[in-house]
Engineer: 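Just passing along the structure, written as structure tokens.
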Amino acid sequence: MNDVLKLEGVTKSFGAYKALDDVSMDFRQGEVHGILGVNGSGKSTLLKCVAGYYVPDSGKASVSGTELPWGSPEAAAKLGIRFIHQDLGLVGEMSVIDNLALGTTYEGRAWVSDRRERRRALELLQQVGIHVDPSAPVSELTKTEQTMLAVARALRNGFGENDVLLLDEPTASLSSGEVRILFELLRSLSRRGVAIGFVSHRLREVLEICDRVSVLRNGRCVASRSTEGLSEKELVDLLVGAPLSEVYGSNKPPVASPRVLLEARGLRGGALHELDLTLHEGEILGIAGLDGSGRELVSRLLVGADAWEGGHVVLNGKTFDRLTPDVAVRNKVAYVPADRKSHSILPGFSLRENLTLAKIGTRRKGWLSLRDEKRDTTHWLDRVSVDQRNVELPISLLSGGNQQRVVIARWLRFGAQVMILDEPTQGVDVAGRSAIYDCLTDASQAGTGLIIVSTDSEELVSECDRVLVLFDGRVTLDLDRTALLAGGSTVLDRAILSGAPEAEGVTSEP
Amino acid sequence: MSLDEGVEGVPSAVQESAEESAPPGRRGVWDSVRWGAGKLQFTRLSGLYILALFILIFALWIPDTFLRVSTLKNIVTAQSITGVLSVGLVCAMAAGAFDLSFAQAAGTGSVLAALLTTSFHMNVALTVVIVIAYGIVVGIVNSLLVNRIGLSSIVATLGTSSVLLAIDEKITNENYIAGIPRSFVTALNGTWAGIPEVVIIMVVVVLLGWYLLVHTPPGRRMYATGHAAEAARLAGVRTSRSILYGFLASGLAAGVAGLMLLGVVGTGDPTAGPSYLLPVFAALFLGTTQVHPGRFNVWGTVIGIFLLGVGVQGLQLAGYGEQWISDLFNGVALLVATGFAVRNRSLSLRR
């Protein structure tokens, strides 16, 4: 079999950070090639370089012997590279037909013919082998069908022997069964000569379907081999690397406070099938899991930002069958969302207004005194060590780390008993991170219970008293402090990837 | 295709500095200084300077007619209804409730008052109570349509506006209602220590609006709702309540303005309401360039109202009294002022 797409020595840095370091791999005709790696290993960066969205610092790529110019999606497309972005790029309200026609048939035509488009769409769907109602709006299709539709659209200009289909995490939000259906489609396409490369987290399924796998770790390609004779365990070893010997975090005294602040029982919603957790006073509880494991939904469900499909939560001794954020807040549960810009801060508002939002009001009743509020704000900015005297400055002018600390200060001032943080240090530099961790540690020592949802395993290992690992919408593992210190992020990464306990000294929950 | 939602494999610090659209992560003292200076003076109160300039121009141009106490009185009186409606609308818009119905609500309120005092021979107090209750009902209906049904506020208030117009037309048969009792007119259009009553009402309404929005927690929550509804909701703000308060304020203001309208005009005018729609919106958006740039605010709106009022009245006194000149003046003033503010990036009205 011949190489269709060949990458040689691709290197890409973002500032001082090397996202890709001398990566070489090739994609062969008729093969399905899986690209694996833990979060931050450079998988998506690699695909985006090939698709023309990033320009690598060095390295070469060729398609069937023709050199691929970097940084041009058009040129890549011309050479037969079809890229499917993680969010699929479909328009939910429009029909299957319209989505398939989007961006192509309107060109140079004075009259958009529905009939012609319908005919073309049906041909394409048949050719690719998808059975969906062509006039249904895309939002009514299942996730798998949507992904397959995106595949069909990527191939709408025909697919030939020299085409390469690249998918960026097409399986993230699919269940195991759905993943298999998608993989069947990819298989059948590869049999017809298309070279397929895709990024995935699903070890088992990848081993089943892929002819070859490449494993990226810290931007380097540590293996690029046939899947034959490769076991899941070996794959995990490749992904995670040698066990880390460092011990993270401070020597935090174990917290043995019995008071329960928050309890979730059988909480269900979206990809999260069942969540049980108990949070104690002063405890820092971590939540880990792959994209699509339900991890992203934990915080939103716990504070009632999304509606539940079942289960209940116990707060302050009261049982809630449904919850909205304002009720959660009144029960002293605070939420720090991951999307700072649109879910957390009020961008055009001053530091003062952002900080006091949860508990507006000063000592004087019936009159909001700006002077009191300013004094209060200064006090709390000091507490979270944000060095900014001008409390009237719009918060959007601050760095991400400072914004996050203002939001944390908002909830400390409010007196939150439970704080649920989603990706608290996303987009924050190193200095900012440790300042945030300091705030959180202080809060937990004062008795606040914290839940940290994060994709950063090292963060979880160093900051948390306990980490729950989610896999396929369920908690599959409960790692306590001892296990975390003994195993470090390696154990956690393993558990995140395969969902099953492997290492010794790890307590598993049924 | 959006590829900017976070780059895998890139530490966040790098990502942050790689962001181009947003200003860089570590902003220095300079930005703070510039921002502080901008907030402090000229741009923030530019409307007052322009107002002074207008007064100077008219004082030099038509000193005999312009420089009189009666002119001042006329301007203030003429703007009082606009002022009351503007304060209500500021509250609604602050909470993100785009209210298009307030003008017709005021118009219908005034013919309702006319109907009550003539056909039903009600006394002043009862009429006032009923018309104010009517204003509250309008606000509640608008907020139910937005909060319960989930309509966008523009669509909801466009709908109620048309229904209110229909009620107006049904009440009046599209004719003026004459014969308003003298007691009613004197009660609402009298003077108090030489100051027209409508002006006093406006001042009270302005102070109430300012107090609600700036000095109470619900006011702050209304602004938060209008500014970033989802972030406010996740921070525990009951956003539907903020919207209710906004619509209630503008409905109440419409009721009060309806009563003032009847008092000032003296007859139930079926077409009076809609003529307030454009001037009030113009004053409101002009107001977002003043006092607290980027935010709908009461004092900025007051500046806007008098800027437009002095301009229009001055032109009328100078002999340019046609309606089209007033409208042209309002429109151009709005475009110029907000245009400057948008260019200076102190305002986000750019779409």
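Each chain gets a letter, A, B and so on, in the order its sequence line appears, and its residues count up from 1. Quick caveat: nothing in here was measured; it's all calculated off a predicted structure.
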Engineer: What part of A/L216 gets within 4.5 angstrom of chain B, counting heavy atoms only: side chain, backbone, both, or neither?
Structural biologist: neither
Engineer: Tell me whether the centres of the aromatic rings in B/F98 and B/F247 are closer together than 6.0 Å.
Structural biologist: no
Engineer: Using the side-chain hydrogen bond (donor to acceptor under 3.5 Å, both in side chains) rule, take B/N147 and B/S240 through it: C-alpha gap first, then chi angles, then the decisive distance, then the call.
Structural biologist: CA-CA 6 Å; B/N147 287 331; B/S240 52; 4.7 Å; no
Engineer: Please work out whether the ring planes of B/F281 and B/F285 are parallel, tilted or perpendicular, with thresholds of 30° and 60°.
Structural biologist: parallel
Engineer: Which of the residues B/A224, B/G219, B/P218 is involved in the greatest number of heavy-atom pairs with chain A at under 4.5 angstrom?
Structural biologist: B/A224
Engineer: Of all of A/P347, A/S13, A/P73, A/P337, which one pairs up most often with chain B through heavy atoms under 4.5 Å apart?
Structural biologist: A/P347
Engineer: Is it the side chain or the backbone of A/A305 that comes within 4.5 Å of chain B heavy atoms, both, or neither?
Structural biologist: both
Engineer: For the aromatic rings, using the six-membered ring if either is Trp, is the centroid distance between B/H215 and B/W210 under 6.0 Å?
Structural biologist: yes
Engineer: I need the residue from A/T324, A/N402, A/D326, A/V329 with the largest number of non-hydrogen atom pairs under 4.5 Å to chain B.
Structural biologist: A/D326
Engineer: Any chance you could lay out the salt bridge (Lys or Arg N to Asp or Glu O under 4.0 Å) test for A/K359 and A/D376, step after step, and finish with the verdict?
Structural biologist: CA-CA 12 Å; A/K359 193 176 78 179; A/D376 217 18; over 6 Å; no
Engineer: Look at B/H227, B/E230, B/R221 and state which one has the largest set of heavy-atom pairs under 4.5 Å with chain A.
Structural biologist: B/H227
Engineer: With a distance cut-off below 6.0 Å to the six-membered ring centre and an angular limit of 45° from the axis, does B/R220 pair with A/F349 as a cation-pi contact?
Structural biologist: no
Engineer: At a heavy-atom separation under 4.5 Å, does B/Y211 approach chain A through its side chain, its backbone, both, or neither?
Structural biologist: side chain
Engineer: At a heavy-atom separation under 4.5 Å, does A/R389 approach chain B through its side chain, its backbone, both, or neither?
Structural biologist: neither
